[in-house]
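In what follows, a structure is listed as structure tokens, so that the remarks can point back to it.
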Amino acid sequence: MPTTLPAVPTIDDIRAAAARIAPHAQVTPLLTSPALDARAGGRVLLKAEVLQHTGSFKLRGALNRVLQLTDDERSRGVVAYSSGNHAQAVAYSATLLGMRSVIIMPKDAPALKIERTRAFGGEVVLYDRYTEDRVAIGGAIAQEHGLTIVPPFEDPHIVAGQGTLALEALTQAAAMGYTPDTLLVCCGGGGLTAGCALAAAAVSPTTVVHPCEPAEFDDTARSLRLGHRVANEPGQRSICDAIVTEMPGEFTFSINQPRVGAGLTVTDDEVLAAIAFAVRELKLVVEPGGAAALAALLSGKLETKGRTTMVVVTGGNIDPAMLARAIGVV
């Protein structure tokens, strides 16, 4: 029996989300860089979402979701599952509203992300991402304690919240006199891609959104080529922990398939080079998953000469050892 998917968010939903989260979220800057322009052979607009509260775009979706909970739901709290950025965003948002949050995290998640999730007030439950099912664990905890599940991407409120990033960035670009030809976003389950695709279609329809993924986890790119969702091979590894998912979300893929351009893939070495470039040239600290779109630009995964390219860098929660590896510090 076919699954009944939620209604696709409209631009009005995204605008409502932007107004809803405005008192709590940061308006992050849209930057230009002569060094980036020189590498691209065109104009590059960099959306520095690493400067968002909790260090990533995930706050937008999490806030939009929890701010719409009923008083009864708030009194009981929320549960979420995440490798780290959604975890921090939900914990931060719940604490902001005086709510309990239980966060299911892989035990091999970067230590910094686990520590920060706890610091934001989340009750962390660790699991083995290779042998256990985080959705099942979260569901069981939700049922036992009456908590509301806040999923990382398969939710219209989450997608609408993530769409505020593109709405904000494209409005900033227009104020600067630019209409981007392309918008590059990092992609795991597809929530950010979906939100950005919906916003772009409404306010900048000539801008093509391209999801960017690790080469070992190119499920969205392959699914887009084939026209249906496919999973990654089990047992793969990547340093891009924030965007390693088994397969695209059913809801998010239904949004992305008719609206986005080809998926772009990057290697771990290309991601490390992008992290180093961000530190040295842009003075920004970006984690591997958040650097995937920048890596796609710097490694020439699409034509940028004479064009205007918008790149989202999101996810600044990088372990010091990984940062040292990227910039060549022994």
Inset, instruction - Taking the side chain as every heavy atom from C-beta outward, state whether V50 and V285 have any atom pair closer than 4.5 Å. - result: no

Legend entry - A231 backbone acceptor or donor facing E246 side chain under 3.5 Å: no

Legend entry - Inter-residue atom distance R60.CZ - Q162.CD, 0.5 Å rounding: 8.5 Å

Legend entry - Verdict with supporting geometry, L69 and V150, side chain to side chain contact (heavy atoms under 4.5 Å, CB included): CA-CA 10 Å; L69 295 175; V150 181; 5.6 Å; no

Legend entry - Under the ring pair (Phe, Tyr, Trp, His ring centres under 6.0 Å) test, residues paired with Y178 that sit two or more places apart: none

Legend entry - Interatomic distance, H157 atom NE2 to L63 atom CG [nearest 0.5 angstrom]: 14.0 Å

Inset, instruction - Taking T252 for its side chain and G189 for its backbone only, find out whether a donor-acceptor pair lies under 3.5 Å. - result: yes

Inset, instruction - Report whether L192 and L59 are members of the same hydrophobic cluster (ILVMFWY, side-chain heavy atoms less than 4.5 Å apart, transitive linking). - result: no

Inset, instruction - Search all heavy atoms of P9 against all heavy atoms of P156 and return the closest pair with its distance. - result: CG-O, 3.4 Å

Legend entry - T207 versus L170, closest heavy-atom pair with distance: OG1-CD2, 4.3 Å

Inset, instruction - With sequence neighbours left out, write down each residue that passes ring pair (Phe, Tyr, Trp, His ring centres under 6.0 Å) with Y92, or none if nothing qualifies. - result: F120

Legend entry - L183 vs V312 side-chain heavy atoms within contact, under 4.5 Å: yes

Inset, instruction - Kindly give the heavy-atom pair with the smallest separation between A242 and S83, and that separation in Å. - result: CA-OG, 3.6 Å

Inset, instruction - Flag the pair R100 / V79 as yes when at least one side-chain heavy-atom distance between them is below 4.5 Å, and no otherwise. - result: no

Inset, instruction - Identify the two heavy atoms, one from L126 and one from P106, that lie closest to each other, and give their separation to 0.1 Å. - result: CD2-O, 4.1 Å

Legend entry - Side-chain heavy atoms of F217 within contact of T245, under 4.5 Å: no

Legend entry - From NE2 (H210) to CG (L297), nearest 0.5 Å: 11.5 Å

Legend entry - Any donor-acceptor pair under 3.5 Å from T117 side chain to G122 backbone: no

Inset, instruction - Quick one: pull up CG in L224 and CG in D219 and give me the separation to the nearest 0.5 Å. - result: 9.5 Å

Legend entry - S56 (side chain) donor-acceptor with T314 (main chain) under 3.5 angstrom: no

Inset, instruction - Taking all non-hydrogen atoms of both residues into account, name the closest pair between P23 and A19 and its distance. - result: CD-O, 3.7 Å

Legend entry - Donor-acceptor pair, side chain of E233 and main chain of G235, under 3.5 angstrom: no

Legend entry - Q172 side-chain N/O to P29 backbone N/O, donor-acceptor pair under 3.5 Å: no

Inset, instruction - Verify the cluster assignment for V8 and L165: are they in a single hydrophobic cluster under the rule of side-chain heavy atoms below 4.5 Å apart? - result: yes

Inset, instruction - Nearest 0.5 Å please: distance from the OG1 atom of T304 over to the CG atom of L298. - result: 9.5 Å

Inset, instruction - Flag the pair T171 / V203 as yes when at least one side-chain heavy-atom distance between them is below 4.5 Å, and no otherwise. - result: no

Inset, instruction - Ignoring hydrogens and angles, tell me if any N or O in the side chain of H86 forms a donor-acceptor pair with the backbone of P151 under 3.5 Å. - result: yes

Inset, instruction - Would you give the length of the straight line joining atom CD of Q88 to atom CD1 of I103, rounded to the nearest 0.5 angstrom? - result: 10.0 Å

Inset, instruction - Let me see the working for L264 and V266 under side chain to side chain contact (heavy atoms under 4.5 Å, CB included), right down to the final yes or no. - result: CA-CA 7 Å; L264 309 176; V266 291; 6.0 Å; no

Inset, instruction - Would you indicate whether the side-chain heavy atoms of E123 and I141 approach each other to under 4.5 Å? - result: no

Inset, instruction - May I ask you to test the C240-V271 pair for a side-chain heavy-atom distance under 4.5 Å? - result: yes

Inset, instruction - Please answer whether the main-chain N or O of I158 pairs with a side-chain N or O of D155 as donor and acceptor at a distance below 3.5 Å. - result: yes

Inset, instruction - Starting from the C-alpha separation in whole Å, work towards a yes-or-no answer on side chain to side chain contact (heavy atoms under 4.5 Å, CB included) for V66 and L96. - result: CA-CA 10 Å; V66 301; L96 186 70; over 6 Å; no

Inset, instruction - Indicate if V185 and L51 have the same hydrophobic cluster label, given that clusters are the connected sets of ILVMFWY residues with side-chain heavy-atom separations under 4.5 angstrom. - result: no

Legend entry - Check: F277 and L36 side chains under 4.5 Å, non-hydrogen atoms: yes

Legend entry - Summary of salt bridge (charged side-chain N to carboxylate O under 4.0 Å, His left out) pairs that have at least one residue in residues 132-150, sequence neighbours excluded: none

Inset, instruction - Using atom types as modelled and distance alone, determine if a side-chain donor or acceptor of T164 lies under 3.5 Å from a backbone N or O of A18. - result: no

Legend entry - salt bridge (charged side-chain N to carboxylate O under 4.0 Å, His left out) contacts touching residues 36-48 (sequence neighbours left out): D37-R43, K47-E168

Inset, instruction - Can you run down the salt bridge (charged side-chain N to carboxylate O under 4.0 Å, His left out) pairs that involve residues 279-298, sequence neighbours left out, and say none if there aren't any? - result: K113-E287

Inset, instruction - Find out if a path of hydrophobic residues (ILVMFWY) with successive side-chain heavy-atom gaps under 4.5 Å connects L184 to L284. - result: yes

Inset, instruction - Taking atom CD of Q143 as the centre, report whether more than 12 heavy atoms of other residues, nucleotides or ligands fall under 6.0 Å from it. - result: no

Inset, instruction - Indicate yes or no for a side-chain donor-acceptor contact from S238 to the backbone of E216 under 3.5 Å, with no hydrogens or angles considered. - result: no

Legend entry - Nearest heavy atoms of A276 and A326, plus distance in Å: CB-O, 3.5 Å

Inset, instruction - Might you work through the side chain to side chain contact (heavy atoms under 4.5 Å, CB included) test for V260 and T220, ending with a clear yes or no? - result: CA-CA 11 Å; V260 305; T220 293; 6.0 Å; no

Legend entry - Path from L45 to L31 over hydrophobic side-chain contacts below 4.5 Å: no

Legend entry - Selection residues 255-268 - residue pairs positive for salt bridge (charged side-chain N to carboxylate O under 4.0 Å, His left out), sequence neighbours left out: none

